[in-house]
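Taking it in order: structure first as structure tokens, then the write-up.
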Amino acid sequence: QVQLVESGGGLVQAGGSLRLSCAASGRSIGSLALALGWFRQAPGKEREFVAAIAVSGSTAYADSVKGRFTISRDNARNTVSLQMNSLIPEDTAVYYCAAKRTYGMVTFQETYDTWGQGTQVTVSS
């Protein structure tokens, strides 16, 4: 019913900013009542939660990114974005967006059943 494609990754210096976007195909994320999330996987590490946003607009963030990252959704454009500010080398990872058809908040990756292909974010020292 929906496919996700991330974009916006790249190389940025520490302290810089980057904005990731995830486009959903098919029906709008609004009509599909999608909970959306961002996860990341650094080299040699397991995938971890970054941020999530519910249909209501309620958001949740990992402690490591709270205050620096902002998740948002644009139902009209079928996108979910992650604004990343004050980037540090520890933010280097492949970032994935995920979706689940639910009105609730979803922060556990095992709950999501639709995933994008990922986009690389590299923060240099």
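Quick note: numbers below take in every heavy atom, side chains included, and nothing from hydrogens, waters or symmetry partners. The structure presented is a predicted model; accordingly, all values stated were derived computationally and were not measured.
We find the CD-OG distance between Gln83 and Ser21 to be 9.0 Å, quoted to the nearest 0.5 Å. Taken from CG in Leu18 to OG1 in Thr119, the straight-line distance is 8.0 Å, to the nearest 0.5 Å. How far CD of Glu110 is from CZ of Arg47: 10.0 Å, rounded to the nearest 0.5 Å. Note: Thr79 OG1 to Asp74 CG = 4.5 Å, rounded to the nearest 0.5 Å. Interatomic distance, CD1 of Ile88 versus OG of Ser125, reported as 10.0 Å (0.5 Å rounding).
The two residues Gln120 and Val94 make their nearest non-hydrogen contact at OE1-CG2, 3.3 Å. Of all heavy-atom pairs spanning Asn78 and Asn75, the tightest one is OD1-O, 3.0 Å. When all heavy atoms of Gly104 and Ala54 are compared, the closest pair comes out as O-CB, 3.8 Å. Of all heavy-atom pairs spanning Ile71 and Gly37, the tightest one is CD1-CA, 4.5 Å. Closest approach of Thr111 and Lys100 over heavy atoms only: O-CD, 3.3 Å. Closest of all the heavy-atom pairs between Ala99 and Asp113 is O-OD1, 3.2 Å.
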Could you give me the CA-CA distance, side-chain angles and deciding distance for Glu6 and Tyr95, then say whether side chain to side chain contact (heavy atoms under 4.5 Å, CB included) is met?
CA-CA 8 Å; Glu6 301 95 334; Tyr95 284 71; over 6 Å; no
Please evaluate residues Leu20 and Met84 with respect to the criterion side chain to side chain contact (heavy atoms under 4.5 Å, CB included), reporting the C-alpha separation (whole Å), side-chain torsions for both, the decisive distance (0.1 Å), and the verdict.
CA-CA 8 Å; Leu20 306 182; Met84 310 164 67; 3.6 Å; yes
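When the salt bridge (Lys or Arg N to Asp or Glu O under 4.0 Å) test is applied to Glu48, the partners found at least two apart in sequence or on another chain are Arg40.
Counting heavy atoms of neighbouring residues, nucleotides and ligands inside a 6.0 Å radius, atom CZ of Arg19 exceeds 12 of them.
Hydrophobic clustering keeps Leu4 apart from Tyr96 (ILVMFWY residues linked when any side-chain heavy atoms are closer than 4.5 Å, directly or through intermediates). Cluster annotation: Val50 is connected to Val123 through the hydrophobic network of ILVMFWY side chains, with a link wherever side-chain heavy atoms come within less than 4.5 Å. No single ILVMFWY cluster, assembled from side-chain heavy atoms under 4.5 Å apart, contains both Val55 and Val106.
You'll find the side chain of Val5 reaches within 4.5 Å of the side chain of Gln117, heavy atoms only. Counting heavy atoms from C-beta outward, Arg101 and Leu34 have side chains that approach closer than 4.5 Å.
Pairs passing the salt bridge (charged side-chain N to carboxylate O under 4.0 Å, His left out) check and including a residue from residues 51-72, sequence neighbours excluded, read Arg68-Asp91. Sorted by first and then second residue, the ring pair (Phe, Tyr, Trp, His ring centres under 6.0 Å) pairs involving residues 37-69 (not counting sequence neighbours) are Phe39-Phe49, Phe39-Tyr112, Phe39-Trp115.
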